[in-house]
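Step one of this worksheet: look at the structure below.
So you know, we letter chains A, B, ... as the sequences are listed, proteins then strands, and number each from 1. Owing to the predicted nature of the structure, the values given are computational and were not obtained by experimental measurement.
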2 protein chains.
Amino acid sequence: MTQPTIKDIAKKLNISPSTVSRALNDHPDISAETKRLVEMTSKELNYFPNTIAQSLKTKRSTTIGVIVPEIKHDFFSSAISGIEKVAYQSGYTIMVCQSNESYEREVINTKALASQRIAGLVISISQNTVNGNHFKALQKRGMPIVFFDRVCDDVDASKVVINDEESAYKAVNHLIERGYTKIAHITGPLNLKICKDREEGYKKALREHSLFEDKDFIISSGLHEENGYQSMEALFNLGKIPDAIFAVNDPVAIGAFKKIKEYGLKIPDDIAIVGFSNNPITSLVEPPITTVNQPSFGMGQRAAELLIKQIESDAEFKPVTEVLKTTLIVRGSS
Amino acid sequence: MTQPTIKDIAKKLNISPSTVSRALNDHPDISAETKRLVEMTSKELNYFPNTIAQSLKTKRSTTIGVIVPEIKHDFFSSAISGIEKVAYQSGYTIMVCQSNESYEREVINTKALASQRIAGLVISISQNTVNGNHFKALQKRGMPIVFFDRVCDDVDASKVVINDEESAYKAVNHLIERGYTKIAHITGPLNLKICKDREEGYKKALREHSLFEDKDFIISSGLHEENGYQSMEALFNLGKIPDAIFAVNDPVAIGAFKKIKEYGLKIPDDIAIVGFSNNPITSLVEPPITTVNQPSFGMGQRAAELLIKQIESDAEFKPVTEVLKTTLIVRGSS
DNA sequence: AACGTTGTCGCAAACGATTGCAGAAATTAA
DNA sequence: TTAATTTCTGCAATCGTTTGCGACAACGTT
């Protein structure tokens, strides 16, 4: 694994490495002729600058770290694409890690990225993240960090979010308008702000329509499909059957959806269902599931934009929180 | 952005950077007491080794580059998870790039990763990749490369694939056994080996059962959902309506699925459908779609294992091609 | 003829870490 | 007491690149 270096070019042309470096960077001190020669030889040797050495010297890095709970979730893979698009346009490459919803793994990832001396970090925290100390430690050294979707409340950084409470409120309101009255909510881990907020929106809608808030109708679990399935099972075992489900996200909605069908009930006649995120799958099942459209790609883009701005500006940094718009997509399940 | 270095620790303890380096690496030359002190101070300063400087010096890198066409495709995100799992276990981090199915972009990504002096590359090529020169250039410098799924035939490297022809053959055979006789095939870009192979399997099954091979029934397009939709539309416009569809992959199958439903035909009564990859979505639509289960996670794992073995062995490298097992998952669509 | 410009280029130090080699101190052996 | 050995640590070079500074021609200007 030996790649040609600037020295190889220098030796070949009988000039100094400094001159080669300057020529490659189009420095005005260097004559056009020398630049031409260097350019030629560089092509000939198939030279790639050693980014490693460059960033060691310049103390600048063009790598952006990204940590998400799981790549395979459509929301995140789509957000990653958004991040990558912006990063690419600004000359950065991204380094993606998965926390797999584990706090420990998230801390390890954070340290690994810090060791790689990334220019900045874009992150959506795991469902088990209990505090933001690992982020604060990086921030103290001046590392720019931007959170998206699942933010860490105790860290003072830029954030790209949606209004979860309002979106949930609108979704539940929609169910109420459709005439559903026994609306259950399957939520996620309550240490995640997005889950708490969505639950708040749910409660607010019920309250405003003086609908009875049944504690049993709020069931807390994880964020995966199987959690939705199990939660729905628990609801059935309860004896009291709701006439509508508001799920914290689409995978959970799909899980509940499956269980309802298996149980032999009709959607939306017996039970209506509303999800969250507009995962492509929701439009393909029968009936298609009503959901809240969350601009995943756009959130990734915006997060990357904020991060790069922060990396490249030398002005005093002041964190901003951007709230992106959501829309309710009404489909056959409600 | 100033992170503490080995020098900071050295200064604080009034010892030399070399001693600190050795202490951190648990070198036998260093006394237990010194190691303890270094350890303490390192913790206290929240020191992370500068991977950049380390790999510059040691000429070893612990970053594995990954290039896939699109992260958002379930097959790839799942394969990435497989790669990441293995990489993580062996102390590597991965750097993920998307080619977005563009050859140019793939070349740029390759060069960027080369500049980052990655330890090796795992790649599934874009549907527009016309040759493997950009890979050969890297190989010439000794960079280990492993292909998975979409391989580059003209590059002599390790590969992790499935038997596409046989899998397709089995899938089509299944349709024939079920009594379907007018089986159409929606394929992908023909410069991709996987597409050609699947088409071969399709043809072979037809031939063996002396079924008429209708040129119009092989329709070539892209690998996305919309391509399946359009191809199905084209088939309908043809006048001759097939009684079964074998799609090159699941997104295409889903697209065709949608069009068939819109057209008012029943699946599987009027038209049966079989996909490829076992994308989770295929089990959720109604009826669920028969598909070929492709071990995406396992392919990623295996590719990473082969790569790491190649990186870490100093023996003469001889490329291997591993063929992973597929299984046909029969569901309601056939 | 002496000087200042201008245009090109090289020297050498630096970035943060690793490592072969040498040196100092402490210990033991003769 | 002196030499040999062991144990611990530091010096300095190195990885590939960047960059401040100085060198040195070849000019033109007085």
Problem - Side chains of B:Ser81 and B:Ser78, donor plus acceptor under 3.5 Å - result: no
Exercise for the section: Mind running a 4.0 Å heavy-atom check of residues 8-23 of chain A against DNA chain D and sending the residues that fall below it, in number order? Expected result: A:Ser18, A:Ser21, A:Arg22
Exercise for the section: Please check if the side chain of B:Ser124 supplies one atom and the backbone of B:Asp149 the other of a donor-acceptor pair under 3.5 Å. Expected result: no
Exercise for the section: Look only at the side chain of B:Asn25 and the backbone of B:Arg22, and say whether a donor-acceptor pair between them is shorter than 3.5 Å. Expected result: no
Exercise for the section: State whether B:Arg105 and A:Glu84 are salt-bridged, where the test is any N-O pair (Lys NZ or Arg NE/NH1/NH2 against Asp/Glu carboxylate O) under 4.0 Å. Expected result: yes
Rounded to whole angstroms, how far apart are [atom1] on [X] and [atom2] on [N]?
{"X": "B:Asp29", "N": "D:dC11", "atom1": "CG", "atom2": "P", "answer": "16 Å"}
{"X": "A:Ile6", "N": "D:dT14", "atom1": "CD1", "atom2": "C1'", "answer": "17 Å"}
{"X": "A:Leu24", "N": "C:dC9", "atom1": "CG", "atom2": "P", "answer": "13 Å"}

Problem - Per B:Lys57 side chain, nearest of listed nucleotides D:dA13, D:dT18, D:dT19 - result: D:dA13
Exercise for the section: Consider the side chain of A:Gln54, meaning its heavy atoms from C-beta on, and name the nucleotide among D:dT17, C:dC15, D:dC8 that approaches it most closely. Expected result: D:dT17
Problem - Residue-phosphate contact under 4.0 Å: B:Lys59 side-chain N/O, D:dG16 OP1/OP2 - result: yes
Problem - Side-chain N,O (A:Asn25) to OP1/OP2 (D:dT18) below 4.0 Å - result: yes
Practice task
Before giving the answer on salt bridge (charged side-chain N to carboxylate O under 4.0 Å, His left out), spell out for A:Asp26 and A:Lys35 the whole-Å C-alpha distance, their side-chain angles and the decisive distance to 0.1 Å.
Solution key: CA-CA 7 Å; A:Asp26 204 23; A:Lys35 281 179 186 168; 3.0 Å; yes
Practice task
Could you pick out which residue, B:Ser31 or B:Thr58, lies toward the 5' side of DNA chain D when each is mapped onto its nearest nucleotide?
Solution key: B:Ser31
